[in-house]
Colleague: 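Please see the structure below; I have some questions.
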Amino acid sequence: MEALYAARQDSSGPKYYALVEFPYPSGQGLHVGHLRPYTALDVIARKRRMEGYNVLFPMGWDAFGLPTENYAIQTGIHPKDVTRTNIANFKKQLSMMGYSFDWGREIDTTDPNYYKWTQWIFLKLFEAGLAYKKETPINFCTSCKVGLANEEVVGGVCERCGGKVVRRTKNQWMLKITEYAERLITDLDMVNYPERVKASQLNWIGKSTGAQVSFSLANGQDSIDVFTTRPDTLYGASYMVLSPEHPLIEKYIGQISNASQVEAYQLEASKKSDFERSEVSDGKTGVRLEGFDAINPVSHETIPIFISDYVLMSYGTGAIMAVPGHDDRDYEFAKAFNLPIIEVVSGGNLEESAFTDTEKGVIVNSPLINGLSVDEAKAKMTAHLEDKGIGQAKVNYRLRDWVFSRQRYWGEPIPLVWCEACGWVPIPEAELPLLLPELSSFQPGEDGESPLHNLPEWFNTTCPKCGHPALRETDTMPQWAGSSWYFLRYTDPSNNESPASPKALDYWMNVDWYNGGMEHTTLHLLYSRFWHKFLFDIGVVPTPEPYDKRTSHGMILGPDNQKMSKSRGNVINPDDVVKAYGTDTLRTYVMFMGDFEKTAIWSEDGVRGAKRFLDRVWAASELVVAGNGYSKKLEANFHNTIKKVGDDCEVLKFNTAIATLMKLLNDIYEAKSLTQHDYKTFLALLSPFAPHLAEELWMDQGFKGYACESAWPQYDPDKTLGDDIEIPVQINGKLRDKVIVAKDATDEEVKLAVWESEAVIRALEGKTVTNEIYIGSKIYNIVAK
RNA sequence: GCGGAUAUGGCGGAAUUGGCAGACGCACUAGACUUAGGAUCUAGCGCCGCAAGGUGUGGAGGUUCGAGUCCUCUUAUCCGCACCA
């Protein structure tokens, strides 16, 4: 059976690449949450095969990662063995579900033949200057003992384990995803993603356009750069605020008369966790740097400088110009410190609040730009700043570079060597893969060092460049590394010369349809787009974007309307459901349970409903009579169903596709018989959802070959309407009757039929008809007073 | 605060370009059959009403022959981001 699902090697015929996110093979096994996306794309893959496409529908294992390592720490079992066991279990469960994966292309991110190329891509990034090591404040999970990317911190806790996250300074490998920020935005136009996914990515990248402006210090010795989106309000900048960590404070601390007060505030701010810092607080705190002022570059007024923790070192320049009249936070700060509020955009009431409306305002009190609109003033002021050499147009992004190293064992070793003389040196390509060494204890050091740090025989090496003693990098890559390019490997999974051959990539890329969870929108989805763009730039892949179409499924909640979790005891195990009801019932139920994109609640009664439907499909074989054509009574019904099931699957409406099949089955029972031809059509339509049942009945009927290899049924648009049609008749928009007329009845004939209706005549008693509207074969509305 | 979405029976959910609101399933009610079952079959099932009929898609307006669908305002819930300058 499996060979049926293998993608053809010959690159013949139109291709279709359907992809689902490969699972992390956890010890808990397959979760019902996996079933929704996997079943949905299995349905699509099966339908595409029946439509004649050469389909690639692969599966693999995203097997590096923390839970396995933590399990190894607890039990002493090697992560490699844990992974092997878990994969075997997952594979058994996926097979049980009848998914038509092409197992001949299975990949595993922990396989050296795979991670060889993950390391190779990293080296290319390094050579291109996109990987760099930096002493950087990182998010450190106190429970996993590991540094996290910003994307992995959710609500101040670790995205994976929920542990407390603190700030730590650590020398980390970073990837310059920010260099691709603009293209990650603009190229969203090239792809078909849901609006919510695009919006999330745009939001995450957080582009803002404005100007960088230089403020001279009153001491004449230096200047402070700020970023602003409102250069039009520069005349209203009546003070400045620096982040407590701003380096200038350190430099000029001697000139600040209240230095001790300033240092006390700095200490206070440093104690707050990053999460507390970014929480919107009610009041604004801060300290003025006494005796240390700046000069507004256009009004030339001397203005005070403050430090406050509402200014973040990590965004912009770590310093702002404050325009209390036209920024809510500055307004609040100015009120708290009794600072003057200057109106430079008229239209609001500064007694009450800052005026931030950029549409309606007109510039005032600003000699260079008075009378202009906000937009005009922005442009003119920016030009002025550039002219005088004190500022320029500037774009800022919220996106930060990607913290790429982890102080853990179970990940891809970073293939670099530190040499005192040569710096960081990549290991030669011929030495890839750099194997993860065997280890007996996986405990990370309390100081947060990688377990590989305990292996001098491994990390002591020689410099590939100069031959002197050198040290291997002991950090490993994050779990996101392996999944950032895995879709490429499926096209050519055992290639030993490149990640995948150009020929295979030319034929199979892009992924035509990629379904995955919303939780990966700003993580995996963004990271893999970044890597793909880089690989495109260096000529490895033929396209600038990896995925043509992305869809996202909703979560499945437990029967108690709560998120499934072991502690709540509301977890549904697919094995149990299959045992009790069978694979096809589970597949059908999961597709029928609700809108694919929305959250759905598990209902065992619903599962029974799906079972009842399939039992009735089986029992309908009793009604089959010989015949090559459609049963007359059911012909229009079949043409409609073929159209609806086909169309619905394409737009993720699996629930209504199944409902249509249920309705047709009800009508078959009402008709009391159907031809063999009809039954065959029905089984073909059902086969993507319930493949086992469909094949069995297919064989019972003596049909040739397999249902899954038969041609997807075709419909005739002219036959979707029966010979007679029913026209609803409304009077003043209210339904009064329905009349039945021939499909090709003329307007006159319809009118006659309507006026023969007793219900219509009764309803019109004592009224005057003023208008009659007939919308061809749809509705007849009489307007009467 | 910004961005995205959602709101329809007892429940999950349907409803092409504005055109029969509640498809399909579940639950429930009544009945049939019986090997008494978590089985199957038949009928019913938005709300009010015996009925005729009225009424009904979070709320208030509007456009239209006709609005769950379009427009304006509003309320609630969920998700993402958030002192981002």
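None of these values were measured; they are calculated from a predicted model. Residue numbering restarts at 1 for every chain, and letters A, B, ... go by the order of the sequence lines.
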Colleague: What does the 5'-to-3' dot-bracket notation of RNA chain B look like when only Watson-Crick and G-U wobble pairs under 3.5 Å count, and pairs to other strands show as |?
Modeller: (((((((..(((......[....))).(((((.......))))).(((....)))..(((((..]....))))))))))))....

Colleague: Which is true for Ile775(A) with a 4.0 Å heavy-atom rule: it touches a base, it touches only sugar-phosphate, or it touches nothing?
Modeller: base

Colleague: If you look only at pairs with a residue in residues 517-529 of chain A, which of them pass as a salt bridge (charged side-chain N to carboxylate O under 4.0 Å, His left out), with sequence neighbours excluded?
Modeller: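 Non-adjacent pairs meeting salt bridge (charged side-chain N to carboxylate O under 4.0 Å, His left out): Arg529(A)-Glu545(A).
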
Colleague: Between atom CD in Glu670(A) and atom C1' in A43(B), what is the gap in whole Å?
Modeller: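 The distance from CD of Glu670(A) to C1' of A43(B) comes to 13 Å, rounded to the nearest Å.
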
Colleague: Using a 4.0 Å heavy-atom cut-off across all strands, classify Arg329(A) as base, sugar-phosphate, or nothing.
Modeller: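 Base: the residue Arg329(A), judged by heavy atoms under 4.0 Å, touches a nucleobase.
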
Colleague: Could you tell me whether Ser603(A) contacts a base, only the sugar-phosphate backbone, or nothing, with contacts defined as non-hydrogen atoms closer than 4.0 Å?
Modeller: nothing

Colleague: Below 4.0 angstrom from OP1 or OP2 of C84(B), is there any side-chain N or O of Asn396(A)?
Modeller: no

Colleague: Are Tyr265(A) and Thr285(A) linked by a side-chain donor-acceptor pair shorter than 3.5 Å?
Modeller: yes

Colleague: Whole-Å distance between C79(B) C1' and Lys598(A) NZ?
Modeller: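 One finds 14 Å between C1' of C79(B) and NZ of Lys598(A), rounded.
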
Colleague: For a quick test of reading the model: is some side-chain N or O of Arg736(A) closer than 4.0 Å to OP1 or OP2 of C20(B)?
Modeller: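 No, outside the criterion.
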
Colleague: When we call it a touch if two heavy atoms are under 4.0 Å apart, what does Arg608(A) touch: a base, just sugar-phosphate, or nothing?
Modeller: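 Base, at least one base atom sits under 4.0 Å.
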
Colleague: Take the protein atom CE of Met518(A) and the nucleotide atom C1' of C81(B), then report the distance between them rounded to whole Å.
Modeller: 12 Å

Colleague: Scan for ring pair (Phe, Tyr, Trp, His ring centres under 6.0 Å) pairs involving residues 759-785 of chain A, sequence neighbours excluded, and state none if there are none.
Modeller: Tyr774(A)-Tyr780(A)

Colleague: Taking CG from Leu664(A) and P from A14(B), how many angstroms apart are they, rounded to a whole number?
Modeller: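 These atoms are roughly 20 Å apart.
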
Colleague: Any base atoms under 4.0 Å from Asp328(A), or only sugar-phosphate, or nothing? Heavy atoms, all strands.
Modeller: nothing

Colleague: Mind checking if Gly609(A) touches a base, just sugar-phosphate, or nothing, with heavy atoms under 4.0 Å?
Modeller: sugar-phosphate

Colleague: Determine the contact category for Glu726(A): base if any of its heavy atoms lies under 4.0 Å from a base atom, sugar-phosphate if only primed atoms, P, OP1 or OP2 are that close, otherwise nothing.
Modeller: base

Colleague: Within the 4.0 Å heavy-atom criterion, would you say Lys734(A) contacts the bases, only the backbone, or no part of the nucleic acid?
Modeller: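 Answer is sugar-phosphate: Lys734(A) comes under 4.0 Å of backbone atoms only.
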
Colleague: Could you tell me how far apart Asn666(A) (CG) and C26(B) (P) are, to the nearest whole angstrom?
Modeller: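 Rounded to whole Å, this separation is 10 Å.
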
